[in-house]
Amino acid sequence: MSSEEDAPDSTSEFWADEAARRVAESGRPPVVKGGVSPSGVPHVGNFNEVLRGAFVVRALERRDDVSGEPRQVFTSDDRDPLRRVPHTVLSPEGELVELDAEERDELSEHLGKPYVDVPSPFGEGSWAEHFASFLRDDAEKLEVPVEFVSNDELYDDGRFDEPIRAALSNLDVSREVIARHQRTAGDDYVPFMPICDDCGRITPTVTAVNLDDETVDYVCDEADLGGETIEGCGHSGTATFREGKLPWRFEWPAQWMILNVGFEPFGKDHAEGSWESGVEIAEEVYDIKPPEPLVYEFFLVDGDKMSASAGNVYTVSDILRYVEPTVLRYFFALDPKKQRDLSLADVHHLVNDFDRVEDAYYGREEAADSTEKLYAERVYEDLRSPTDDLSHEPVRPPYTFAAMVGVAEDDEARLNTLRRSGHLPEDATETQKQDALRRVELARNWALDYDNQYAVRVLDEAPDTEFDEDTRAAFGDLADVVESGASPDEIQNAVFETAREHDLDVGGFFGDGYRLFLGQDSGPKLGPLLGALDREFVVERLRSA
RNA sequence: GGGCCGGUAGCUUAGUCCGGUUAAAGCACCUGGCUCUUAACCAGGUGACCGAGGGUUCAAAUCCCUCCCGGCCCGCCA
């Protein structure tokens, strides 16, 4: 390995390979975990957790020095308590909706209860299920083979019994470790929070620990959950280890223990607090080796952090309205340590970067730099769906070009334009045609939603503009040419010819053409534009001028 | 108070870990081509004192130190 030929060249290592190497070389199990608390809105940021892990699983699969089948699990931390009622939630249709006062009142009845016991604001099922179903659907759309695990079920099934026993039987150690990280944890701290038998809320006040029968006694007191004080009902009771939960700092490492986790990506929010305490709790309380970590930066969207209250939260589906799943996977394959901006307004840059990687992979273009080379040679295959046939070469017309091609309504017209411009091979397969049409659709969505310069809009009705007699006559001649089935190039030429025949200024006539169809003074090359539109429509519009 | 990330052509970034030929790409812009006009295609070109200062070195965008600016996170819960 240390001979000169094998020495690493100047290209750097894909971060997922580096992570996989750390897992393998330290002898950790090839199990990648992630997880979220089902609060707020399930947004595209949550897929940091899912996709970063997915790339590491793929990297582990390439190695022959790991024991066992690499896999990815993802916990829904659905026994966490509802701490505050959000103003905005995601409807079953995936729309952000505001909750009205009545709905919020109803939900506030459930403050302090585990998410599995909070009803969904949309009727069917629990809050937790509602939230998790989005993550599952989105993971499927991005074709990530991840196994979702309900934390609540792990408790019910007794999987947490062992770590709970460890934490409670060595209370001195638990208290000492937690005190290093959490000032509020005093001498009477007990790392277990029972669910009140009476009101169903999670309460932190444990009055006695009975190790022999694996229960705790509690009083349902007020709970201070992250600045939100939630009233208790005053009930006194006894709870088993399965009728409560560990506090987050103890729960996370307990999950590592239960699920045999060897690698875990997490956001920078965990990097200082719960990760550091988690490592110590894993080693000193549970006597296990913590997983290899990967701290990722949060990304911004259009320059701002996502925030439900600010109304700029994006789901995976929102992004997939503009780009192929493969392109979104590419975004998540970029260096996780760098904070970046997922700019939707300028998403054509991201798409273009991806296209270049794809071009380099298929040898259509030279890689521009070492990073592009690395992504083409090492990463590209992981961007494609695991079920995809790599010998299938996707056809992806340039994004901004595709946006304009989208001015034509029907598929045949779009394909013709693409074929003529050299972006679709004559012998394209059915799948390649679908690739191309998909790209046109996505780019068109983007151009129209952002109403940018690529949003070419044809007027539904002829404009009020008065054209002079010569111009109208020229339009009439042009109509005849179009009606005869002229090609885009022939139409382009006909514009020049008819202008001259009618003694019109060529530039002015072009302008009139744009005014007639687009209601503006200029636009894309007129011949291809008219050629792409429905023939009868064009003829009718020309003659109606 | 602590931590992470960034400051490279007009814009967005790659390159920084592992220092080494004229600092790379896309977009924008300009020019040329497509028989003639302009934003759909093709080819080429202009464009950067690499945030500031100091240090190490034969050699610094890259390593070290100090500082300035911007973004985000943590310090209670999760």
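Computed from a predicted structure; not experimentally measured. Residue numbers start from 1 in every chain, and the chains themselves are labelled A, B, ... in the order their sequence lines are given, proteins ahead of strands.
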Sequence-distant partners of A:Glu292, side chain to side chain donor-acceptor pair (under 3.5 Å), two or more places apart: A:Arg22, A:Arg28

Contacts of A:Tyr514 that satisfy side chain to side chain donor-acceptor pair (under 3.5 Å) - sequence neighbours left out: none

Residues A:Glu49 and A:Tyr296: side-chain donor-acceptor under 3.5 angstrom: yes

Nearest-nucleotide pick for [X], side chain only, options being [options]:
| X | options | answer |
| --- | --- | --- |
| A:Phe298 | B:C73, B:G75, B:U37 | B:C73 |
| A:Thr371 | B:A14, B:A78, B:A40 | B:A14 |
| A:Thr184 | B:A14, B:C5, B:C76 | B:C76 |

So what does [X] touch, heavy atoms closer than 4.0 Å: a base, only the sugar-phosphate, or nothing?
| X | result |
| --- | --- |
| A:Pro247 | sugar-phosphate |
| A:Asn493 | base |
| A:Gln520 | base |
| A:Arg420 | nothing |
| A:Gly422 | nothing |
| A:Thr417 | base |
| A:Asp80 | sugar-phosphate |
| A:Leu529 | base |
| A:Met193 | sugar-phosphate |

Most 5' of A:Ala494 and A:Arg340 on RNA chain B, judged by nearest nucleotide: A:Arg340

N/O donor-acceptor pair under 3.5 Å between [X] side chain and [Y] backbone:
| X | Y | value |
| --- | --- | --- |
| A:Asp477 | A:Ala474 | no |
| A:Arg79 | A:Gly244 | yes |
| A:Tyr454 | A:Leu448 | no |

Please report, rounded to the nearest Å, how far the [atom2] atom of [N] is from the [atom1] atom of [X].
| X | N | atom1 | atom2 | value |
| --- | --- | --- | --- | --- |
| A:Leu350 | B:U13 | CG | C1' | 12 Å |
| A:Phe496 | B:C34 | CZ | C1' | 11 Å |
| A:Asp341 | B:G71 | CG | C1' | 10 Å |
| A:Asn48 | B:C72 | CG | C1' | 13 Å |
| A:Leu246 | B:A78 | CG | P | 10 Å |
| A:Gln492 | B:C34 | CD | C1' | 10 Å |
| A:Glu372 | B:U12 | CD | P | 19 Å |

Within the 6.0 Å centroid threshold, strictly below: A:Phe496 and A:Phe510: yes

Taking only N/O atoms, report every protein-nucleotides 41-46 of chain B pair under 3.5 Å with atom names and distance.
none

Residue list, salt bridge (Lys or Arg N to Asp or Glu O under 4.0 Å) with [X], at least two apart or on another chain:
| X | value |
| --- | --- |
| A:Asp521 | A:Arg515 |
| A:Glu377 | A:Lys373 |
| A:Asp80 | A:Lys245 |

Salt bridge (Lys or Arg N to Asp or Glu O under 4.0 Å) contacts touching residues 175-188 of chain A (sequence neighbours left out): A:Glu176-A:Arg180, A:Arg180-A:Glu280, A:Arg180-A:Glu284

Salt bridge (Lys or Arg N to Asp or Glu O under 4.0 Å) pairs, two or more places apart, involving residues 435-450 of chain A: A:Arg321-A:Asp449, A:Glu324-A:Arg439, A:Asp355-A:Arg439, A:Arg414-A:Glu441

Runs of at least three consecutive pairs that involve RNA chain B, where pairs are Watson-Crick or G-U with distances under 3.5 Å: B:1-7 with B:68-74, B:10-13 with B:24-27, B:29-33 with B:41-45, B:51-55 with B:63-67

Gap in Å between the two P atoms, one belonging to B:C5 and one to B:A14, rounded: 14 Å

OP1 or OP2 of B:A39 under 4.0 Å from side-chain N/O of A:Ser522: no

Ionic contact status for A:Arg356 with A:Glu365, cut-off 4.0 Å: no

Charged N-O contact under 4.0 Å between A:Arg201 and A:Glu231: no

Listed once per pair and sorted, the ring pair (Phe, Tyr, Trp, His ring centres under 6.0 Å) pairs that draw on residues 402-426 of chain A, sequence neighbours left out: A:Phe401-A:His423

Under 4.0 Å protein heavy-atom contact, by nucleotide of nucleotides 27-33 of chain B - B base, S sugar-phosphate only: SS-----

Distances under 3.5 Å only, N/O to N/O: pair up the protein atoms with those of nucleotides 6-10 of chain B.
none

